Amino acid sequence: MEKSVIVRITKATGPIALRVAETGLIPIWAVVRHRGRRSGKLYSTPIAIRPTPNGFVLPLPWGEGTDWCRNLRAAGGGVVRWGGAEIEITSPEIIDMADALSAFDALMRPIVKRIGIKKFLRVRRATVAKDIGSLVGRTA
């Protein structure tokens with residue numbers, strides 16, 4: 001299929017995909033919220049996602065040049081809405097399939113290989129210390 005046809009299909013189905021991804025009903029779908037590198041405008045983009053112990057792996061079927069990927073990398077992170085929760089993400093880095101495969105279960109690995117996605121974006125969940133004031137000066 002020609003790339004321009006894929007782009008047109010993606011743009012046409014984007015609003016529906018965004019609404020479905022925001023519901024959290026389909027575990028492989030999420031929404032990434034990111035700011036434009038030049039405009040500063042807030043964007044919401046439906047994406048495929050796989051959880052990892054400390055973050056997520058996001059497939060890049062159109063490569064690392066997509067605006068949402070470039071925006072996350074330029075800002076050093078963003079927010080993912082996944083499973084009904086807003087999760088701050090940080091430390092975006094491009095990884096290859098070999099590094100990404102561990103995020104997929106044994107059933108999904110052959111599918112990921114067959115699809116042929118070469119690049120992925122690994123992000124970390126931001127950790128925020130909450131109410132540490134109550135812990136200061138406390139002894140065990």
Side-chain angles (χ1 to χ4, degrees):
M1 195 180 295
E2 188 180 316
K3 187 175 180 177
S4 64
V5 172
I6 293 171
V7 169
R8 284 194 305 242
I9 291 169
T10 301
K11 287 184 187 250
T13 60
I16 295 166
L18 180 62
R19 283 194 291 266
V20 172
E22 283 181 329
T23 67
L25 295 175
I26 302 173
I28 198 163
W29 275 14
V31 174
V32 64
R33 301 196 199 288
H34 52 98
R35 290 217 175 265
R37 295 176 308 284
R38 291 181 294 269
S39 69
K41 181 180 173 185
L42 184 63
Y43 293 95
S44 296
T45 304
I47 57 165
I49 194 167
R50 290 297 303 160
T52 65
N54 59 359
F56 300 97
V57 168
L58 297 78
L60 297 171
W62 289 279
E64 59 193 87
T66 59
D67 283 330
W68 66 264
C69 179
R70 292 173 62 199
N71 290 344
L72 286 177
R73 293 178 69 203
V79 173
V80 166
R81 179 161 180 77
W82 181 70
E86 298 276 330
I87 303 161
E88 186 179 352
I89 55 170
T90 187
S91 307
E93 66 176 309
I94 303 295
I95 59 173
D96 61 18
M97 184 187 298
D99 290 331
L101 280 178
S102 64
F104 297 88
D105 61 33
L107 185 62
M108 289 295 297
R109 284 184 195 124
I111 296 168
V112 171
K113 288 178 182 177
R114 178 93 168 122
I115 291 171
I117 299 171
K118 306 253 186 279
K119 298 291 181 178
F120 297 77
L121 187 70
R122 179 172 40 209
V123 296
R124 311 271 183 223
R125 293 175 195 250
T127 55
V128 179
K130 294 183 179 178
D131 194 25
I132 66 165
S134 65
L135 301 175
V136 174
R138 243 174 134 186
T139 58

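Owing to the predicted nature of the structure, the values given are computational and were not obtained by experimental measurement.
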Novice: Under the salt bridge (Lys or Arg N to Asp or Glu O under 4.0 Å) test, which residues partner R109, sequence neighbours left out?
Specialist: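 Not a single residue meets the salt bridge (Lys or Arg N to Asp or Glu O under 4.0 Å) criterion with R109.
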
Novice: Are V57 and V79 in one and the same hydrophobic cluster, where Ile, Leu, Val, Met, Phe, Trp and Tyr link if side-chain heavy atoms are under 4.5 Å apart?
Specialist: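 No, it is not one cluster - the side chains of V57 and V79 are not joined through contacts under 4.5 Å.
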
Novice: Can you give me the closest heavy-atom contact between A106 and P110, atom names plus distance?
Specialist: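 So the two residues come closest at O-CD, 3.2 Å.
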
Novice: Are the side chains of I47 and W82 in touch, meaning some heavy atoms are under 4.5 Å apart?
Specialist: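 With C-beta onward as the side chain, the pair stays apart.
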
Novice: State, to 0.1 Å, how close L121 and I94 come at their nearest heavy-atom pair, and which atoms those are.
Specialist: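 Scanning both residues, the minimum pair turns out to be CD1-CD1, 3.8 Å.
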
Novice: Could I get the full list of salt bridge (Lys or Arg N to Asp or Glu O under 4.0 Å) partners for R125, not counting sequence neighbours?
Specialist: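 Testing R125 for salt bridge (Lys or Arg N to Asp or Glu O under 4.0 Å), a comparison that skips the adjacent residues, returns none.
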
Novice: At their closest point, which heavy atom of P59 faces which heavy atom of F104, and how far apart are they?
Specialist: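 Result for this residue pair: CG-CZ, 4.4 Å.
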
Novice: Say whether L107 and I115 are linked into one hydrophobic cluster, either directly or through other cluster members, by side-chain heavy-atom distances under 4.5 angstrom.
Specialist: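 Different clusters.
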
Novice: Do any side-chain atoms of residues 71-78 form donor-acceptor pairs under 3.5 angstrom with protein atoms, and if so which ones, sequence neighbours left out?
Specialist:
from : atom 1 : to  : atom 2 : distance (Å)
N71  : OD1    : R37 : N      : 3.3
N71  : OD1    : R37 : NH1    : 2.5
N71  : ND2    : H34 : ND1    : 3.0
N71  : ND2    : D67 : O      : 3.3

Novice: Could you report the tightest heavy-atom contact between I49 and A30, atom names first, then the distance?
Specialist: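 Nearest pair, atom of I49 first, then A30: CG2-CB, 3.7 Å.
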
Novice: Which is it for L101 and F120 under the side chain to side chain contact (heavy atoms under 4.5 Å, CB included) test, yes or no, and what are the steps along the way?
Specialist: CA-CA 10 Å; L101 280 178; F120 297 77; over 6 Å; no

Novice: For the CG atom of D96 and the CG atom of L60, what is their distance to the nearest 0.5 Å?
Specialist: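 D96 atom CG to L60 atom CG measures 11.5 Å (nearest 0.5 Å).
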
Novice: Applying the 4.5 Å side-chain criterion to the ILVMFWY set and letting contacts propagate, would I95 and M97 be lumped into a single cluster?
Specialist: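 Yes, I95 and M97 fall within the same hydrophobic cluster.
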
Novice: Which pairs count as salt bridge (charged side-chain N to carboxylate O under 4.0 Å, His left out) when at least one residue sits in residues 48-60, sequence neighbours excluded?
Specialist: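 Checked against salt bridge (charged side-chain N to carboxylate O under 4.0 Å, His left out) - neighbours excluded - no pair reaches residues 48-60.
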
Novice: Which value, rounded to the nearest 0.5 Å, describes the distance between N54 atom CG and S91 atom OG?
Specialist: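 So the CG of N54 and the OG of S91 are separated by 9.5 Å.
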
Novice: Sequence neighbours left out, what passes side chain to side chain donor-acceptor pair (under 3.5 Å) with R122? Give chain and number order.
Specialist: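 Result, side chain to side chain donor-acceptor pair (under 3.5 Å) vs R122: E93.
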
Novice: When hydrophobic residues are tied together by side-chain contacts of less than 4.5 Å, even through go-betweens, does L42 share a cluster with W68?
Specialist: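 As far as the 4.5 Å side-chain criterion goes, W68 and L42 are not connected within one cluster.
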
Novice: Does T90 have any side chain to side chain contact (heavy atoms under 4.5 Å, CB included) partners at least two apart in sequence or in another chain, and if so, which?
Specialist: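 Testing T90 for side chain to side chain contact (heavy atoms under 4.5 Å, CB included), a comparison that skips the adjacent residues, returns R124, A126.
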
Novice: Can you find a pair of side-chain heavy atoms, one from V31 and one from R33, that are under 4.5 Å apart?
Specialist: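 When only atoms from C-beta onward are counted, R33 and V31 do touch, with a gap below 4.5 Å.
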
